[in-house]
Amino acid sequence: PTAFVVDLPVLPTTGNYTVQVLPYQWSSNTSLTTTFSGQVLVTADVSGTLATNGTASAVSLTQAGQQARLTFTGTAGRDLTLHVSSVAMPGLTYLNYQINKPDGSSLSTGYCYPAGNGCALVAYALPASGTYAVVFTPYVSATTGSFSVQAWESSRVTGTLTVGTANTYTSTIAGQVVQKTFSGTAGEQRGLTLSGFTTSVSAATLNVIVLKPDGTQLTNNNFTAAQTSPTSFIVDLPVLPTTGSYTVQVLPYQWSSNNYLTTTFSGQVLISSDVSATLATNGTALPISLAQAGQTARVTFSGTAGRDL
């Protein structure tokens, strides 16, 4: 009952193309002796322009074998979030979508299943300025129907963190990244506390990533707003390996099978320094006060080999 669909390559030249149907040339059976009859349809892909301010574009595939190709103008260094929703395509297994760079090569790909709250895809960050294309291909290929597409382009929110002082992280565009830096010294122990977060998409998962001065990850943790209130979400950071500028990023968790990537968020981020002190070994009490969430205490003492403690 379904059609056999061939996705043709991009036509290389202008002119008259020929579609041939003939018996398959295989000498070891009677296939070459057959006659045949059937319908052949050459379809034009659906094309359009995609806004990057969140305005929805409705896409309708009305013929078997059609793809949708939406173009948008992207800016180098900015982030892109793509959201597919309202998928109404009877018989669809999944909808494949691919973002192509201005030179035609692939930047990112994803799959959207018809159930749930849609799907999302991000491109952090766009590598070049120019015209990008998002190509949508249904599987099974003969599937027809409709869906909606939204895109947001954003710049990252930046700033500076002061150790011991809470800082507000707020994103205002779907998928936006907020990243702020703090100065660290090799050997220091720091705590990371996230509190009072809210998200525009209910139960959305967020990602908090701490980058070392060389840009590689120190830690990577997922959390939800519910985990930050009324108690805080605390990450005990590893000992800082080098001296330099560390970056704390908060962004929507990159999971394509839902709409979490389209959330905005707001909350408090605190980098705390651990409490350090020297402990006497003559029985003298040492009072310790942990004044901030996420702090730990690091107490040192001088010991002598062979003696008991």
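Since the model is a prediction, treat every value here as computed from it, not as a measurement.
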*Given side-chain contact (heavy atoms from CB on, under 4.5 Å), test V134 with L82 step by step and report yes or no.*
CA-CA 9 Å; V134 188; L82 186 73; 3.7 Å; yes

Can you confirm whether or not the ring centre of Y139 sits under 6.0 Å from the ring centre of Y111?
no

request  = Step through it carefully: locate the ring centre of F147, locate the ring centre of F136, and say whether they are under 6.0 Å apart.
outcome  = yes

State, without any angle test, whether [X] and [Y] hold a side-chain donor-acceptor pair at a distance under 3.5 Å.
X: T137; Y: Q67; result: yes
X: N100; Y: Q98; result: yes
X: T264; Y: S171; result: no
X: N207; Y: N220; result: yes

Kindly say whether [Y] contributes a backbone atom to a donor-acceptor pair with the side chain of [X] at under 3.5 angstrom?
X: T199; Y: V201; value: yes
X: T185; Y: T243; value: no
X: T228; Y: A225; value: yes
X: Q66; Y: T43; value: no
X: T143; Y: V140; value: yes
X: E188; Y: G184; value: no

Where do [X] and [Y] come nearest, in terms of heavy atoms and distance?
X: P102; Y: S129; result: CG-O, 4.3 Å
X: S232; Y: T193; result: CB-CG2, 3.5 Å
X: T144; Y: A64; result: CG2-N, 3.8 Å
X: R78; Y: S155; result: NE-OG, 3.0 Å
X: G175; Y: P252; result: CA-CG, 3.8 Å

Exactly one of V248, T219, N222, V269 clears side chain to side chain contact (heavy atoms under 4.5 Å, CB included) with V208, and that residue is V248

[X] with [Y], same ILVMFWY side-chain cluster at under 4.5 Å:
X: F197; Y: I173; answer: no
X: L192; Y: F182; answer: yes
X: V10; Y: V135; answer: no
X: V46; Y: V5; answer: no
X: I209; Y: V177; answer: yes

Query - Within 45° cone of Y246 ring axis and under 6.0 Å: K212 NZ or CZ - result: no

Check whether any side-chain heavy atom of [X] lies under 4.5 Å from a side-chain heavy atom of [Y], and answer yes or no.
X: V87; Y: C112; answer: yes
X: Y97; Y: L121; answer: yes
X: V84; Y: L95; answer: yes
X: N221; Y: F233; answer: yes
X: V210; Y: L237; answer: yes
X: M89; Y: P138; answer: yes
X: T75; Y: E153; answer: yes
X: L261; Y: L251; answer: no

Residues passing the side chain to side chain contact (heavy atoms under 4.5 Å, CB included) test with S266, sequence neighbours excluded, are T168, T170, T198

Separation between [atom1] of [X] and [atom2] of [Y], rounded to the nearest 0.5 Å:
X: Y94; Y: C119; atom1: OH; atom2: SG; value: 12.5 Å
X: F265; Y: Y169; atom1: CZ; atom2: OH; value: 9.0 Å
X: L206; Y: T263; atom1: CG; atom2: OG1; value: 6.5 Å
X: L194; Y: S229; atom1: CG; atom2: OG; value: 12.5 Å
X: L161; Y: I271; atom1: CG; atom2: CD1; value: 6.0 Å
X: S195; Y: Q227; atom1: OG; atom2: CD; value: 13.5 Å

| message | Looking at F4, I want to see if its CZ is surrounded by more than 12 non-hydrogen atoms of other residues, nucleotides or ligands under 6.0 Å. | response | no

Show me the side-chain donor-acceptor pairs of residues 51-62 shorter than 3.5 Å, one per line, residues at least two apart or across chains.
residue: N53; atom: OD1; partner: T55; partner atom: N; Å: 3.1
residue: N53; atom: OD1; partner: T55; partner atom: OG1; Å: 2.8

Salt bridge (charged side-chain N to carboxylate O under 4.0 Å, His left out) filter on D79, not counting sequence neighbours, yields R156

The salt bridge (charged side-chain N to carboxylate O under 4.0 Å, His left out) partners of R69 (sequence neighbours excluded) come to none

From the list Q179, K180, Q217, side chain to side chain donor-acceptor pair (under 3.5 Å) partner of Q249 resolves to Q179

Applying side-chain hydrogen bond (donor to acceptor under 3.5 Å, both in side chains) to S154 and not counting sequence neighbours gives none

Notebook entry, point to check: Checking side-chain contact (heavy atoms from CB on, under 4.5 Å) for the pair L270/N167: CA distance, chi angles, key distance, verdict?
Noted result: CA-CA 6 Å; L270 170 68; N167 191 288; over 6 Å; no

Contacts satisfying ring-ring contact (aromatic ring centres under 6.0 Å, His included) that involve residues 56-79 (not counting sequence neighbours) are F72-Y132

Let's go through W152 and T262 carefully: what are the C-alpha distance in whole Å and the side-chain angles of both, what is the deciding distance for side-chain contact (heavy atoms from CB on, under 4.5 Å) to 0.1 Å, and is it a yes or a no? CA-CA 9 Å; W152 297 265; T262 65; 3.9 Å; yes

For the pair T205 and F223, evaluate side-chain contact (heavy atoms from CB on, under 4.5 Å) and give the outcome as yes or no after the intermediate values. CA-CA 6 Å; T205 300; F223 68 98; over 6 Å; no

